[in-house]
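Take a look at the structure below.
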Amino acid sequence: MSSKRSVDRRDFLKGAAVTGAAALVPDSVATAAQAPAAPGAAAQRPAAAPTAAREADPAVEVEALTTDRPGGDFMVDVLKSLNIEYVASNPGSSFRGIHESIINYGGNQMPEFLTCCHEESSVAMAHAYFKAEGKPMAVLCHGTVGLQHAAMAIYNAYCDRVPVYILAGNSLDATMRRPGVEWAHSVQDAAAIVRDSTKWDDNPVSLPHFAESAVRAYKIAMTPPMMPVLVVIDGGLQEDPIPSEVAARLRVPKLTTATPPQGDSGAVAEAARLLVNAQNPVIVADRLARTPAGIARLVELAEALQAPVIDQHRRMNFPSDHPVKMRGGGGQVVTT
């Protein structure tokens, strides 16, 4: 890798665009441009005919398509501040700006882009990642269709109280949408599709707004009860160059996480007294174990009390082969 010459991403894009523009010139025009001009040819050329100089001028064809500092770069800086390791996605055009920034500006590290074949599997990966690592993983969804595909997996994470960090591309400004796909896949309120199964969502209208929303979304997602969150990222914010007046006031807010709630010490002591003095205590576990440590603490409590445990299977709360584990069947509860 080190033996290869480094290619600046913006210069590469400009060169590729110029090459592509030249390839679009009809053969008859290119031949005419290369052949010696006949006397009076300039006067006979139609006024609307393209010239070779115009076709090769990158300022004409490329100026609006490339920039050295797009908004997507700042968005990546914000994601890095949240220590998000991975972003799973089925690539789509509505987030092409931040996709390019993740790979080239961010070095494809923190977050690393994981290419998936479907949005539902992308969210499912983030769901499982939190269950294993205890921290959120990001997902990028494409416009309306991507969120529709992801909806079932988002609902699963919502039911399991898992914080999936979702970013959805959209083109809000109707005057800037390209005809065809961008119109069909953009919407006024993208988050409406999954709002019933997310904890919080926002649609930032500026880069400072994005920074505030992105950090707030992370904090809300990680505050029990944990659930998926969604931040809609506009295509223009991702791709347009950062104006100098905006760059001067860009900042990444500091993340402050909430302390998980805990029971009042007096109430905990009273519950312990009741459990110790109970003749036939039974533990019914619903959404108890949010982490592997929760399972270990429940095992300790059950063994200390010699109390049977009924796991209602809303989560993995208790080892299925433990001697005090009870199972329900036919309306009865029987010991294993």
Side-chain angles (χ1 to χ4, degrees), residues 78-79 81-86 123-124 126-139 153-167 191 194-202 211-231 252-278 281-305 307-320 322 324-326:
V78 176
L79 296 180
S81 76
L82 299 175
N83 292 319
I84 294 178
E85 291 189 291
Y86 301 101
V123 176
H127 184 158
Y129 177 82
F130 176 81
K131 303 287 279 192
E133 294 292 327
K135 55 186 178 180
M137 175 174 156
V139 174
I154 293 173
Y155 179 73
N156 287 339
Y158 165 81
C159 291
D160 199 21
R161 302 297 188 262
V162 169
V164 178
Y165 193 90
I166 308 164
L167 300 168
V194 294
R195 184 164 290 139
D196 287 343
S197 51
T198 53
K199 188 176 181 181
W200 185 80
D201 67 81
D202 198 13
E212 297 286 345
S213 296
V215 174
R216 185 181 182 191
Y218 189 101
K219 179 176 182 177
I220 291 175
M222 290 294 289
T223 301
M226 301 177 185
M227 298 179 200
V229 293
L230 170 63
V231 178
V252 180
K254 183 178 180 180
L255 174 66
T256 57
T257 55
T259 302
Q262 60 184 16
D264 175 76
S265 58
V268 172
E270 176 63 13
R273 185 187 67 80
L274 293 172
L275 286 171
V276 169
N277 293 328
V282 177
I283 299 173
V284 181
D286 187 5
R287 293 185 179 275
L288 173 72
R290 291 195 294 266
T291 67
I295 300 176
R297 299 292 84 76
L298 180 57
V299 169
E300 289 181 8
L301 177 63
E303 290 177 347
L305 298 171
V309 176
I310 301 174
D311 190 345
Q312 294 189 320
H313 305 293
R314 301 296 293 274
R315 276 206 176 103
M316 170 57 195
N317 294 296
F318 202 78
S320 60
H322 196 283
V324 302
K325 172 69 181 295
M326 302 183 71

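Everything numeric in this text was worked out from a predicted model, so none of it was measured.
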Kindly compute the distance separating CG (D311) from NE2 (H322), expressed to the nearest 0.5 Å.
12.5 Å
For E300, is the CD atom crowded, meaning more than 12 foreign heavy atoms sit under 6.0 Å from it?
yes
Just by modelled atom types, is the R287 backbone N or O under 3.5 Å from a matching donor or acceptor in the N317 side chain?
no
Kindly give the heavy-atom pair with the smallest separation between S213 and W200, and that separation in Å.
O-CZ3, 3.6 Å
Beyond-backbone contact of K199 with T223, side-chain heavy atoms, under 4.5 angstrom
yes
Starting at CG of L298, measure out to CG of L288 and round the result to the nearest 0.5 Å.
5.5 Å
How far does CD1 of I283 sit from CG of L301, to the nearest 0.5 angstrom?
4.0 Å
Side chains of V162 and V164 in contact at under 4.5 Å (non-hydrogen atoms)
yes
Can R161 be said to sit on top of Y158's aromatic six-ring, NZ or CZ under 6.0 Å from centre and within 45° of the ring axis?
yes
With distance as the sole test, does Y155 use its side chain to make a donor-acceptor pair with the main-chain N or O of D196 at under 3.5 Å?
no
Just so I know, are the side chains of F318 and V299 near enough to count as touching, which here means a heavy-atom distance under 4.5 Å?
yes
NZ on K254 to OG on S81, rounded to 0.5 Å:
12.0 Å
Going by atom types only, do N156 and H127 share a side-chain donor-acceptor pair under 3.5 Å?
no
Between R216 and D202, does the salt bridge (Lys or Arg N to Asp or Glu O under 4.0 Å) criterion hold? Intermediate values first, please.
CA-CA 10 Å; R216 185 181 182 191; D202 198 13; over 6 Å; no
Interatomic spacing from CG in L167 to CG in L230 - rounded to 0.5 Å:
8.0 Å
Sequence neighbours left out, what passes side-chain contact (heavy atoms from CB on, under 4.5 Å) with A293? Give chain and number order.
T291, R297
Closest non-hydrogen atom pair, G134 against M222
O-CE, 4.0 Å
Closest non-hydrogen contact found for M226 with F130 is SD-CZ, 3.5 Å
To the nearest 0.5 angstrom, please state how far the CE atom of M316 sits from the NZ atom of K131.
10.5 Å
Is any side-chain heavy atom of K325 closer than 4.5 Å to a side-chain heavy atom of P319?
no
For P261 and P224, which heavy atoms make the closest approach, and how far apart are they?
CD-CG, 4.1 Å
Least distance between heavy atoms, P228 atom then I154 atom:
CG-O, 3.8 Å
Test log, rule side-chain contact (heavy atoms from CB on, under 4.5 Å), inputs V284 and Q312:
CA-CA 7 Å; V284 181; Q312 294 189 320; 3.8 Å; yes
Mark yes or no for whether N277, through its side chain, and R273, through its backbone, hold a donor-acceptor pair below 3.5 Å.
yes
Is the shortest heavy-atom distance from the side chain of K219 to the side chain of L255 under 4.5 Å?
yes
With side chains defined as the heavy atoms from C-beta onward, is the minimum distance between L82 and Y165 less than 4.5 Å?
yes
